[in-house]
Enquirer: 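Would you mind keeping the following structure in view while I ask a few things?
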Amino acid sequence: MRALTYQGKRDVRVETVPDPRIQEPTDIIVRITSTGICGSDLHLYEVLGPFLDPGDILGHEPMGVVEEVGPEVSAVAPGDRVVVPFNVSCGRCHMCGRGLHSQCETTQVREYGTGASLFGYTKLYGQVPGGQAEYLRVPFGNDLPVKVPHGPSDDRFVYLSDVLPTAWQAVEYADIPPGGSVTVLGLGPIGAMAARIALHRGAGLVIGVDLVPERLDRVSGYGATCLDLRRHGKDLGDAVRDLTDGRGTDAVIDAVGLEAHGAPLAKAAHAAVGLLPDAVGQRLMETAGIDRLTALHTAIDLVRRGGTISVSGVYGGAADPMPLLTMFDKQIQLRMGQANVHRWVDHLLPLLVDDDPLGVDSFATHHLPLEEGPKAYETFQKKADGMIKTLLIP
């Protein structure tokens, strides 16, 4: 089959690799019909190379049609249409039973002390072959795949794999009071969808912050108040407080993560680690790695006293400096973590079956053949061509 593979920093290629096969009696094989490129895939492209091997298959936002099932699979059958959540979760352990599928005890990567395995996402999360490919082996076939109806286009359902549950959890964790306010930092796919969900769920004021004109225009078109970081810069906090009676917003969602704009020293450190041998780079990131924390520090400034910060952007540093005095003094509540996909599916499916209140049908800005995946990664990384969300079609 053809699959998009990691080969080195800023080097991904579509290659011919062996087809996946049934390995366990509860496995299924899915023929992929659409697969997204996620903002966190760019962390693999740019920063997390020490935890990847050449040839690793990337991607964790797939959907498709069941081609083959193991002998103990009864929940789905060949021909069924399914979305594959990015958490590799068993659905039956203690953590899954508590709705914490990202902490699944069956697939936790204990070698690195991390949570549940993820499709297509480094040794830190199990080095499981990903879904930017023609076919995907999916374990836990009775519990993991989400069966969806035939009929509507893939665009209606594919975001159940990651974008929708991640954005929904970001808003849930933000704990925005009815009619309250929230600032969303970063208006890529997750931030843009979080803004839509916050408005759908009754937020009175949603402020979106970014520096890419297409992203700002897109989110303002859904009713958010958007602030251009290029214009406001260090005065962003004052601009937000001017809109909120001098307090700051009730909540802030950080949808940016470890590669935030405006942190040149940390950016240089990331680049240096990427040039080291993998063993050295891994050790350095595990013990002394730092993130570009501009977005998170900005969130601490923007949130009102007693407010909540919800972090959905991926961070990976082991030695990040945090302004704990300010956080303590402002009585900030902080929630974060990988989305627990299955926990939110029942909330989201009713929004996808009939009407389209979240605008998923038109959410993708680009639909490209899988073979154009390498160029898509480059374009997305450069924030060029108005690219915000890309679906690859194997």
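Starting from 1, each residue takes its place in the sequence as its number.
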Enquirer: With ILVMFWY side chains joined below 4.5 Å, transitively, what does Leu100's cluster contain besides itself?
Expert: Met95
Enquirer: Is the shortest distance from a Lys or Arg side-chain nitrogen in Glu172 or Arg201 to a carboxylate oxygen in the other one below 4.0 Å?
Expert: yes
Enquirer: Does this structure show an ion pair linking Glu371 with Arg2, if we count only N-O contacts that are shorter than 4.0 Å?
Expert: yes
Enquirer: For Asp217, which residues count as a salt bridge (Lys or Arg N to Asp or Glu O under 4.0 Å) partner, sequence neighbours excluded?
Expert: none
Enquirer: Who clusters with Ile29? Use side-chain heavy atoms, under 4.5 angstrom, across I, L, V, M, F, W and Y, and order the result by chain and number.
Expert: Met1, Val17, Ile22, Ile57, Tyr135
Enquirer: Quick one: list whatever passes salt bridge (Lys or Arg N to Asp or Glu O under 4.0 Å) with Asp346, sequence neighbours left out.
Expert: none
Enquirer: Considering only NZ, NE, NH1 and NH2 on the basic side and carboxylate oxygens on the acidic side, decide whether Asp154 and Arg81 come within less than 4.0 Å.
Expert: yes
Enquirer: Going by side-chain heavy atoms closer than 4.5 Å, which hydrophobic residues are tied to Leu325, directly or by a chain of links?
Expert: none
Enquirer: Does either side chain, that of Asp385 or that of His366, offer a donor lying less than 3.5 Å from an acceptor on the other one?
Expert: yes
Enquirer: Is the closest basic N to carboxylate O distance between Lys389 and Glu61 below 4.0 Å?
Expert: yes
Enquirer: Are more than 12 heavy atoms, taken from residues, nucleotides or ligands other than Gln23, located less than 6.0 Å from that residue's CD atom?
Expert: yes
Enquirer: Which class fits the ring pair His342 and His101: parallel under 30°, tilted 30 to 60°, perpendicular over 60°?
Expert: tilted
Enquirer: For the residue pair Gly131 and Pro62, what are the closest heavy atoms and their distance?
Expert: O-CB, 4.0 Å
Enquirer: Any Lys/Arg nitrogen of Arg21 or Asp27 sitting under 4.0 Å from an Asp/Glu carboxylate oxygen of the other?
Expert: no
Enquirer: In plain terms, say whether Glu214 and Arg218 are close enough for a salt bridge, that is, a side-chain N and a carboxylate O under 4.0 Å apart.
Expert: no
Enquirer: Thr298: what forms a side chain to side chain donor-acceptor pair (under 3.5 Å) with it, not counting sequence neighbours?
Expert: none
